[in-house]
> 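Provided herewith is a single structure, encoded as structure tokens, for subsequent inquiry.
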Amino acid sequence: MIKVLCVGDVVGTPGVDFLCRRLPSLKRSTGADICVVNGENADPSGKGITQAIAEDIFSHGADVITTGNHCFFRAGDSLYEENEFLLCPANFPGAEQNGWCELDFGRFKVQVMNLSGSAFLEPLGNPFETADRLLAQSSAKVRIVDFHAESTAEKQALGYYLDGRVSALFGTHTHVPTADARVLPKGTGYHSDVGMTGPRESVIGVVPELAIRKQKTHRPVRFAVAEGPCRMDAVLFTIDEATGRCLAAEGILTTEG
């Protein structure tokens, strides 16, 4: 059996700092063999990621960094082309080869895929069809999908569509953890949304007063990442590497303060 730890969207400098302090010990305590971290909000602005930030996250225990709709906010295609294990959603135009990677552990391989939803987000390529193409490009038994999507219905639909064909699918993007970590009928681990890694007293990582002003007035507001004690949301999948089937899925919360 292997254990795969998947960490929710890292938000801003507070989220990166908290992740780097706590991820090594969380990997030890959970016995995680592989760690996938969504870093699409890791820039100090709360949007995008840079090479330096990615290197920091990798050095503290991430094996793969996934992103989402903000993947190109601070960087172009070259960042993903030059970093094999830093992924952008494969269904962005021209980005399919930068949307998946393969980890080779000798006795088994792991394919990690990054997809973006098309409901309530940018009208990208069909994630269902993109997933089919990516599955055909690897012989790995263990397959992990980060589905960065707004709609829980779209996440559930893709989960059932891939049930039995991938080992686990976890959702990112909303920054709000759902209470549905489980194993689907054909053996795919599933979690609609892992949550986020960032300031606990915030509106999905943003200073509350700024988020309130935006929602109340419907006028442009320059957001800022909140400060203070942080939380780290994650999900742990236990997988049979011989068959690729998920045996257990468990949501995990780490807090400070």
Side-chain angles (χ1 to χ4, degrees), residues 1-11 15-16 18-40 57-58 60-66 68 85 87 101 103 105 107-115 140-149 152 155-156 158-159 162-198 200 230-256:
M1 294 187 301
I2 61 171
K3 293 186 177 182
V4 181
L5 182 69
C6 303
V7 180
D9 308 40
V10 180
V11 182
V16 173
F18 186 59
L19 177 88
C20 292
R21 292 200 309 272
R22 295 297 186 91
L23 184 58
S25 60
L26 180 61
K27 289 182 66 178
R28 288 193 299 270
S29 65
T30 59
D33 301 287
I34 303 164
C35 180
V36 180
V37 174
N38 186 289
E40 78 131 10
I57 293 174
F58 279 129
H60 286 86
D63 295 292
V64 178
I65 299 174
T66 53
F85 303 111
L87 307 181
C101 65
L103 302 166
F105 292 89
R107 62 189 177 93
F108 64 92
K109 295 179 180 180
V110 178
Q111 183 186 29
V112 180
M113 295 170 270
N114 194 181
L115 296 167
K141 289 284 188 181
V142 179
R143 303 172 188 266
I144 309 298
V145 180
D146 176 354
F147 190 30
H148 196 81
T152 50
K155 291 175 182 178
Q156 289 181 336
L158 187 62
L162 296 176
D163 188 16
R165 296 197 286 156
V166 303
S167 305
L169 182 149
F170 68 101
T172 55
H173 178 65
T174 73
H175 297 197
V176 179
T178 54
D180 62 345
R182 66 191 191 278
V183 179
L184 298 179
K186 297 179 182 178
T188 292
Y190 177 83
H191 195 181
S192 289
D193 203 291
V194 179
M196 75 169 193
T197 302
R200 194 173 63 211
C230 289
R231 62 183 290 147
M232 178 165 60
D233 298 314
V235 60
L236 183 70
F237 297 108
T238 301
I239 297 168
D240 182 345
E241 72 271 25
T243 65
R245 291 178 63 88
C246 185
L247 306 175
E250 175 191 3
I252 297 172
L253 169 63
T254 303
T255 63
E256 68 176 349

> Does the pair R165/D163 count as a salt bridge with the N-to-O cut at 4.0 Å?
no

> Can you tell me how far the CG atom of N38 sits from the NE2 atom of H148, to the nearest 0.5 Å?
6.0 Å

> Applying side-chain hydrogen bond (donor to acceptor under 3.5 Å, both in side chains) to D193 and T178, what does each step give before you reach the verdict?
CA-CA 5 Å; D193 203 291; T178 54; over 6 Å; no

> How about V110 and I144: do any of their side-chain heavy atoms sit closer than 4.5 Å?
yes

> Would you say L5 and K27 make side-chain contact, with heavy atoms under 4.5 Å?
yes

> In Å and rounded to the nearest 0.5 Å, what is the CG to OG1 distance from L236 to T30?
5.0 Å

> List the steps and the verdict of side-chain contact (heavy atoms from CB on, under 4.5 Å) for V7 and R22.
CA-CA 12 Å; V7 180; R22 295 297 186 91; over 6 Å; no

> Grab the two heavy atoms, one from T254 and one from F18, that are nearest each other, plus how far apart they are.
O-CE2, 3.7 Å

> Does a side-chain heavy-atom distance below 4.5 Å link I252 with V235?
no

> I'd like to know if the side chain of S167 reaches the main chain of G244, judged simply by a donor and an acceptor atom lying under 3.5 Å from each other, with no hydrogens or angles considered.
yes

> Flag the pair M1 / I239 as yes when at least one side-chain heavy-atom distance between them is below 4.5 Å, and no otherwise.
no

> Quick check: closest heavy atoms across L23 and A62, and the distance to 0.1 Å?
CD2-N, 4.0 Å

> Could you give me the CA-CA distance, side-chain angles and deciding distance for L19 and H60, then say whether side-chain contact (heavy atoms from CB on, under 4.5 Å) is met?
CA-CA 8 Å; L19 177 88; H60 286 86; over 6 Å; no

> Check whether any side-chain N or O of R245 sits under 3.5 Å from a backbone N or O of G189 as a donor-acceptor pair, and report yes or no.
no

> Is there a side-chain contact between V37 and V10 in this structure, where contact means two heavy atoms from C-beta onward sitting under 4.5 Å apart?
yes

> Looking at D9 and M196, would you say the former's side chain and the latter's main chain have a donor-acceptor pair under 3.5 Å?
no

> Can you tell me how far the CZ atom of F58 sits from the SG atom of C35, to the nearest 0.5 Å?
10.5 Å

> Between T172 and D146, is any side-chain donor less than 3.5 angstrom from a side-chain acceptor?
yes

> N114 and T66: side-chain donor and acceptor closer than 3.5 Å?
no

> Assign the ring pair F170 / F237 to parallel, tilted or perpendicular, where the plane angle (0 to 90°) is split at 30° and 60°.
tilted

> Taking NZ, NE, NH1 and NH2 as the nitrogens, is one of them in E256 or R200 under 4.0 Å from a carboxylate oxygen of the other?
no

> Contact between T255 and C230 at the side-chain level, heavy atoms closer than 4.5 Å - yes or no?
no

> Do any N or O atoms from the side chain of R182 and from the backbone of D180 form a donor-acceptor pair under 3.5 angstrom?
yes

> Within this structure, what is the NE2-CD distance for the pair H191 and E250, rounded to the nearest 0.5 Å?
11.0 Å

> So does K141 pair up with E241, basic N to acidic O under 4.0 Å?
no

> Nearest heavy-atom pair of V194 and C6: which atoms, and what distance?
CG1-O, 3.8 Å

> Kindly give the heavy-atom pair with the smallest separation between L184 and G159, and that separation in Å.
CD1-O, 3.4 Å

> Please check this pair: side chain of K3 against backbone of I34, looking for a donor-acceptor N/O pair closer than 3.5 Å.
no

> Using every non-hydrogen atom in the two residues, find where T197 and G8 come nearest and quote the distance to one decimal.
OG1-O, 3.2 Å

> Would you check if L115 and L158 make a side-chain contact, meaning some heavy-atom pair closer than 4.5 Å?
yes

> Can you find a pair of side-chain heavy atoms, one from V112 and one from L87, that are under 4.5 Å apart?
yes

> So how far is it from K155 NZ to Y190 OH, rounded to the nearest 0.5 Å?
7.0 Å

> At their closest point, which heavy atom of T188 faces which heavy atom of V166, and how far apart are they?
OG1-O, 2.6 Å

